[in-house]
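To start, the structure under review is shown below, and the notes come after it.
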Amino acid sequence: MIYVCYFLLGVLLIRLLVVFVNYLSFAYLPKATPLTKEPFVSILIPARNEEDNIGTLLGQLSRLDYSNFEIIVYDDHSVDKTEHILKEWAARNPAIKIITGGQLPQGWLGKNYACHQLAKAATGTILLFLDSDINVQKELLQRSIGHLQKYNLHLLSIFPKQIVKSFGEKVSVPLMNWILLSLLPLPLVRKTRSKALSGANGQFMMFNAVTYKTLWPHERYKSHKVEDMAIMRLLKEKDLACDTRLGDNDISCRMYVGLDAAIEGFTKNVFHFFGNSVVVTIAFGLITTLAPFIIYDQMGVWWLAIYILGILSIRFFVSLASQQSVIQNMVLAFPQHLVFLVIIIKGLINNKRKKIIWKGRNILQE
């Protein structure tokens, strides 16, 4: 049994080293520098019932410190005021174009089909897919293009800085970076072509247009629930340079409003955080839950204290790297972990029922 304790301590140490590397790497986009050239950018936005967000995003995009772009929005059968807001903005800004969604073909997920249609309509040499709930500041486009050009990237993805307001969001949304930053050393995403070292977020995906229109990845993964990760792995498989960054104040997002929405959102892709393996996901949940009890039982209170210090250190450095409240995440570590277990259990139930409802559609059956 003592060897089990050594294993658990080893896992904790590895996670602590990974998050410390991520913290030290300062994994944000470099500050804006003059571009050698300003390529034409197609900003592509899939939107379905986004009346609360789409107007804000279009206003922010219209104020970017960059002028050589078009904005194309795919209105995917919205039943709220999204269409009305889009038409108002298109009348105000000639750079904004609207695609009205048609019938969703058999075998496609809604967002993947929307992104594919947007890409077909795009004319830019760079394609930037943005979710409607993103907030962007003036220098974001220049900073991201500069990074793309500097490293000759074919794909750049960013995990936006997360805005959390309600208690439910505070005990759920930070889980994403808690998993990401303690398991994936971000500096190695660009420096190695290993598919295992991939991390992508569909909220911000910037592509070299030639690469995208050679591979047509959203079509290739038309029924994939976590297409962003699948796409980065595809590019790495083809030995194409990719990178993943963390967002700062130039790109932020209130990903979910309330606990229920957060649990629903994370449930649909929780297994993909762990290589699409149910076994690995369950193992991680069990290890992070039971380890303190096993350590205490086999090694005593002092080793338990060391283990808990390690757990809190991971939360500390994840919070700093994510620009989240350190005190908040330390105090809420236990309820956050309970929510994580609920997400795993609900994911298992949904998989058995073959039912995950997202944006009014069952994404396990589309």
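Both L130 and V73 belong to a common hydrophobic cluster when Ile, Leu, Val, Met, Phe, Trp and Tyr are linked at side-chain heavy-atom distances under 4.5 angstrom. Hydrophobic clustering (side-chain heavy atoms under 4.5 Å, transitive across Ile, Leu, Val, Met, Phe, Trp, Tyr) keeps L156 apart from L186. Put simply, M255 and I343 are part of the same group of oily side chains (I, L, V, M, F, W, Y) that touch within less than 4.5 Å, one to the next. A continuous path of ILVMFWY side-chain contacts below 4.5 Å connects V189 to L24, so both sit in one hydrophobic cluster. F204 and I54 end up in the same hydrophobic cluster when Ile, Leu, Val, Met, Phe, Trp and Tyr side chains are linked at under 4.5 Å.
The structure places CG of L234 at 5.5 Å from CG of L215, a figure rounded to the nearest 0.5 Å. In this structure, CG in L127 is found 5.5 Å from OG in S42, a value given to the nearest 0.5 Å. Rounded to the nearest 0.5 Å, atoms CZ (F340) and CZ (F266) are 11.0 Å apart. If you take CH2 on W216 and NE2 on H116, they are separated by 6.0 Å, rounding to the nearest 0.5 Å. Between atom CZ of residue F207 and atom CG of residue L240 there is a gap of 11.0 Å, rounded to the nearest 0.5 Å. Here CZ of R15 is found 4.0 Å from CZ of F284. Values are rounded to the nearest 0.5 Å.
A side chain to side chain donor-acceptor pair (under 3.5 Å) check over residues 296-308, counting only residues at least two apart or in different chains, returns nothing.
No more than 12 heavy-atom neighbours from other residues, nucleotides or ligands sit within 6.0 angstrom of CG on D260. For NZ of K138, the number of neighbouring non-hydrogen atoms (other residues, nucleotides, ligands) closer than 6.0 Å is 12 at most. Residue-environment remark: CZ (F40) exceeds the threshold of 12 foreign heavy atoms within 6.0 Å. The number of heavy atoms from other shown groups lying within 6.0 Å of CD1 (I2) is above 12.
N201 places a side-chain N or O within donor-acceptor distance of the main-chain N or O of Q203, the cut-off being under 3.5 Å. Within the 3.5 Å criterion, the main-chain N or O of E51 finds a donor-acceptor partner in the side chain of T82. A donor-acceptor pair under 3.5 Å is formed between the side chain of S198 and the backbone N or O of K195. Proximity of a side-chain donor or acceptor of N112 to a complementary backbone N or O of Y221 within less than 3.5 Å is detected. Without hydrogens or angle criteria, S157 side chain to G202 main chain gives no donor-acceptor distance under 3.5 Å. Put simply, the side chain of S172 never gets that close to the backbone of A262: no donor and acceptor are under 3.5 Å apart. With hydrogens and angles disregarded, a donor-acceptor distance shorter than 3.5 Å links the side chain of K236 to the backbone of S194. Looking only at distances, no side-chain donor or acceptor of T289 sits under 3.5 Å from a matching main-chain atom of L286. No side-chain donor-acceptor contact under 3.5 Å links N177 to the backbone of S322. Looking only at distances, no side-chain donor or acceptor of S252 sits under 3.5 Å from a matching main-chain atom of N249.
When all heavy atoms of L104 and G110 are compared, the pair lying nearest together is CD1-CA, 3.9 Å. Closest non-hydrogen pair, Y212 versus A119, comes out as CE2-CB, 3.3 Å.
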**Report entry** Worked verdict on E169 versus I163 for side-chain contact (heavy atoms from CB on, under 4.5 Å)
**Finding:** CA-CA 9 Å; E169 294 161 50; I163 299 169; over 6 Å; no

Requested in this report: Kindly indicate, with the supporting measurements, whether the criterion side-chain contact (heavy atoms from CB on, under 4.5 Å) is fulfilled by Q324 and V173.
Outcome: CA-CA 11 Å; Q324 297 171 354; V173 173; 5.6 Å; no

Query - Candidate pair I294 and C5, rule side-chain contact (heavy atoms from CB on, under 4.5 Å), full reasoning - result: CA-CA 7 Å; I294 297 173; C5 295; 4.0 Å; yes

Report task. Go through the steps for I308 and I295 under the test side-chain contact (heavy atoms from CB on, under 4.5 Å), then give the verdict. Result -> CA-CA 10 Å; I308 291 176; I295 295 292; over 6 Å; no

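Side chains of E38 and N68: no donor on one and acceptor on the other come within 3.5 Å.
In this structure, F317 and F20 have perpendicular ring planes: the angle between them is above 60°, well past the 30° mark.
The closest side-chain heavy-atom distance from I251 to L29 is not below 4.5 Å. Looking only at side-chain heavy atoms (C-beta outward), M299 and L9 come within less than 4.5 Å of each other. No side-chain heavy atom of L188 sits less than 4.5 Å from a side-chain heavy atom of V21. Taking the side chain as every heavy atom from C-beta outward, Y23 and F316 never approach each other to under 4.5 Å. Contact of the Q117 side chain with the Y113 side chain is registered, since non-hydrogen atoms from C-beta on lie closer than 4.5 Å. Looking at heavy atoms from C-beta onward, L197 lies in side-chain contact with P185 at the 4.5 angstrom threshold. Between S182 and V18 the shortest side-chain heavy-atom distance does not fall below 4.5 Å. Counting heavy atoms from C-beta outward, Q336 and W178 have side chains that stay 4.5 Å or more apart.
The pair R254-D52 does not count as a salt bridge, with every side-chain nitrogen at least 4.0 angstrom from each carboxylate oxygen. Between K31 and E139 there is no salt bridge, since no side-chain nitrogen of the basic residue lies less than 4.0 Å from a carboxylate oxygen of the acidic one. Ion pairing between a basic and an acidic side chain is recognised when a charged N comes within 4.0 Å of a carboxylate O; K87 and E83 show such pairing.
Tested against D248 for a side chain to side chain donor-acceptor pair (under 3.5 Å), the candidates Q323, K161, R143 yield a single pass: R143.
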